[in-house]
Amino acid sequence: MDILIQQLFNGLTIGSVYSLVALGLTLVYGILHIPNFAHGALYMLGGYITLSMMTLYGVNYWFAMFVSVIVVGLMGVLLERFVFRLLREAPPLHDKIAAIGILLFLEAFAQFVWGADFHTMTSPYDQVVNIMGLTFTMQRLLIIVSAIVVMILLYLFLKKTYTGSTIIAMSQSREGASLVGININKVAMLTFMISGGLAAIASSLASPINLVFPGMGHLVILKAFVIIILGGMGSIPGAIVGGYILGFSESLGATYISNDYKDIIAFVLLVVILTVKPTGLFAKGER
Amino acid sequence: MKILTKRNGIIALIILAFLFPIIGQNDYYLHMLTLSFIWAIAVYGINLLSGYTGYLSLAHAGFFAIGAYSLGLLTVKSGMNFWLALVGACLITCAIGFVIGLIALRTKEHFFAIYTLCVGYIIYLVIDKWEGLTEGVRGLIGIPAPGNIGPITFDTAASQYYLVLVFLLAVIIVMYRIIHSLTGRTYMAIRNSEDLAQTIGISTMKNKLTAFVLSTFFAGLAGALYASFIRFIGPDIGSTSIMFDLLMYLLVGGIGTLSGPLVGTLLLVILSQNLQFLQEYRMLIFGPLLTLIIIFYPRGIAGAIFDWKIKRKDKKPPVLRNDVSIKVEEG
């Protein structure tokens, strides 16, 4: 029973990270219909920036994370402005390939600047807490709580503010949003900024319990794609729920099925879902 | 009679390719060319599906690995004759491709790309983890070189080069025949608009599946040739980075063009060999290059040359033979 609870807790931790990454991905997809393969590279970059802020300048963990969010967010804006905006009228194939090009560049760039080694990020929150005979590390609790806080803030931003509702409007209909006077380019850049910021938060939170290396985004991004297909491309609640579902199934699968094949679970899940429903589980009415 | 026609140019290129081992006498270049011809065969496979049928498949490194491993396992573990194993490897790849295509092609556009990306990753993970069959990370060692056909042996570098060259030419001829036939037109119709293709009575699923299986066949063939050429394979040949390399060869050369895969592969393989000192960082250059090409020259080098030729033709003043014909045209 203890193992089960421990694993559920682990699932909750991983799930929180997945949800944050998938949220960024789904926001961009909802607005611009771009499957942003470069999102994993932004995630990786976020981890590195937080790490170097902490090791080089010795700043506080939270401040380092803040800098990382800003930098990666701006990176997202640049990508939108100088790559994806130019491809807005192009066939969908082109967006994907451009995104892959960016992904390759950013990975080589990280390797060039920080080397191919694995780095560990030390977090100020590595204490162990005991709750009812179960041991949790502080960092894992922090991940869960921060993820929930970020999600609530994002929800409030999207639903309660004027700027937020322009994003919703654009995801419902680009032409419609344009007709009522929303500046589509600004909204697109803003969305990329939020998306990049979310990736940076996710990786800064997850890095202390994982490692920081150039390929750290690979699996995460693939899984994030699985999640947004699971939750419906462009659906925000779908990304959150999907993230937790995947987190739980992975941590339980690792204990009860096989640790070697735990990474395959996500992909098998996806293959099964797309086999049964080719447009994803919660696909919207329009095709 | 013009000498510089397209046809003569192609014949000259082929003769040059055949004479290369005799003129070159350089095993290093020969090795490199053979390797890039093998990659080019795989790129032709991707081109058929992604360039002509419009479905971006990110699983082809996986099919390449399936072809390579099938050949390796058939020859090393069951001691089969090379040529039988080559046929077997292609058949196995096609069979797996058929099953995956049957399911994958139900999805469209982004879903297809993501689905195949995941399929490719699953293939890689299975090869990596299934140690009982594939030896896992240790890889398969001691794959035999191609067996003799009668008096012809394949021991030297030059003879292997010729073998691969013949396969490459065969693949190009098959591709040429496909895209200039009704089948090719059908694929392009599907690429341009699947709904429209369906309305005019094309069975899209059947055609897409044929294109998919054919393209996995090319990838499997390339994989099998690779295995017998390098004589050692590891799970890395199915990784996503190989997939992205292949995609880059295709994009730089020209997606949806006949000469593109060969041009792109040759250019980039030679370029990255010469930039060996930045092997690790070559993506610093190639990544942005890929993005820029897709923005400004979406049809790569071959497409850019094609467009330039058309533009030049338009600019040339029309040849005036006599005034009558012009009047007729105007009238």
Side-chain angles (χ1 to χ4, degrees), chain A residues 29 33-35 37-38 41 79 82-84 86-87 90-109 111-112 115-116 215 218-219 221-223 225-226 228-229 233 258 260-261 263-264 266-280 283 287, chain B residues 50-51 54-56 58 100 102-115 117-126 128-131 136 191-192 195 239-241 243-245 247-248 250-251 255-256 278 280-296 298:
Chain A
Y29 187 84
H33 294 271
I34 298 168
F37 287 109
L79 291 188
F82 293 108
V83 178
F84 293 114
L86 304 180
L87 288 170
L93 187 74
H94 294 186
D95 294 326
K96 279 175 278 197
I97 290 165
I100 290 173
I102 298 164
L103 163 83
L104 296 174
F105 168 72
L106 288 179
E107 247 164 47
F109 179 74
Q111 200 172 336
F112 179 70
H218 281 174
L219 270 180
I221 181 70
L222 282 178
K223 286 174 187 168
F225 271 120
V226 174
I228 65 172
I229 285 179
M233 300 279 259
S258 152
D260 261 3
Y261 287 97
D263 287 332
I264 246 179
F267 306 115
V268 172
L269 200 65
L270 175 90
V271 168
V272 170
I273 291 168
L274 282 186
T275 309
V276 180
K277 276 205 77 180
T279 44
R287 225 162 45 91
Chain B
S50 306
Y55 275 73
L56 179 66
L58 298 175
I100 290 175
L102 208 56
I103 304 163
L105 288 165
R106 284 154 47 93
T107 59
K108 281 194 174 101
E109 291 181 1
H110 304 320
F111 290 96
F112 183 81
I114 296 166
Y115 188 94
L117 187 64
C118 291
V119 167
Y121 204 79
I122 292 177
I123 295 174
Y124 165 72
L125 276 181
V126 167
D128 193 49
K129 304 279 184 204
W130 193 355
E131 295 201 351
R191 174 189 68 191
N192 294 343
D195 292 336
S239 64
T240 35
S241 62
M243 184 61 230
F244 291 152
D245 275 347
L247 198 62
M248 199 158 58
L250 177 59
L251 258 296
I255 189 167
L278 40 81
E280 297 287 301
Y281 310 117
R282 65 193 200 293
M283 286 304 170
L284 275 180
I285 300 168
F286 289 156
L289 185 72
L290 189 64
T291 310
L292 289 177
I293 279 186
I294 202 65
I295 295 175
F296 297 107

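The model shown is predicted, which means the values in this text are computed figures rather than measured ones. Every chain is numbered from 1 and lettered A, B, ... according to where its sequence line falls, protein lines coming before strand lines.
- With values rounded to the nearest 0.5 angstrom, B/L290 atom CG is found 7.5 Å from A/I100 atom CD1.
- A side-chain contact (heavy atoms from CB on, under 4.5 Å) with B/T291 is found for exactly one of A/V83, A/L86, A/L103, A/L87, namely A/V83.
- For B/L251, the part lying near chain A is the side chain, with the backbone staying farther off; criterion is any non-hydrogen pair under 4.5 Å.
- The contact between A/Y29 and chain B is made entirely by side chain atoms (from C-beta outward), counting heavy-atom distances below 4.5 Å.
- Highest contact tally toward chain A, considering only B/L284, B/L247, B/I255, is held by B/L284 [criterion: heavy-atom pairs under 4.5 Å].
- Rounding to the nearest 0.5 Å gives a distance of 5.5 Å between CG of B/L56 and NZ of A/K96.
- With rounding to the nearest 0.5 Å, the separation of SG in B/C118 from NZ in A/K223 is 11.0 Å.
- Interface remark: B/I295 contributes backbone and side-chain atoms alike to the contact with chain A (heavy atom separation under 4.5 Å).
- For A/F109, the CZ atom is loosely surrounded, since the number of other residues' heavy atoms within 6.0 Å does not exceed 12.
- You'll find the side chain of A/L104 stays beyond 4.5 Å of the side chain of B/F286, heavy atoms only.
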Checking side-chain contact (heavy atoms from CB on, under 4.5 Å) for the pair A/F37/B/L117: CA distance, chi angles, key distance, verdict? CA-CA 11 Å; A/F37 287 109; B/L117 187 64; 3.6 Å; yes
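- Contacts between B/L292 and chain A at a heavy-atom distance below 4.5 Å are absent for every atom of the residue.
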Do A/L222 and B/Y121 pass the side-chain contact (heavy atoms from CB on, under 4.5 Å) test, and can you show the C-alpha distance, the side-chain angles, and the key distance before you say yes or no? CA-CA 9 Å; A/L222 282 178; B/Y121 204 79; 3.7 Å; yes
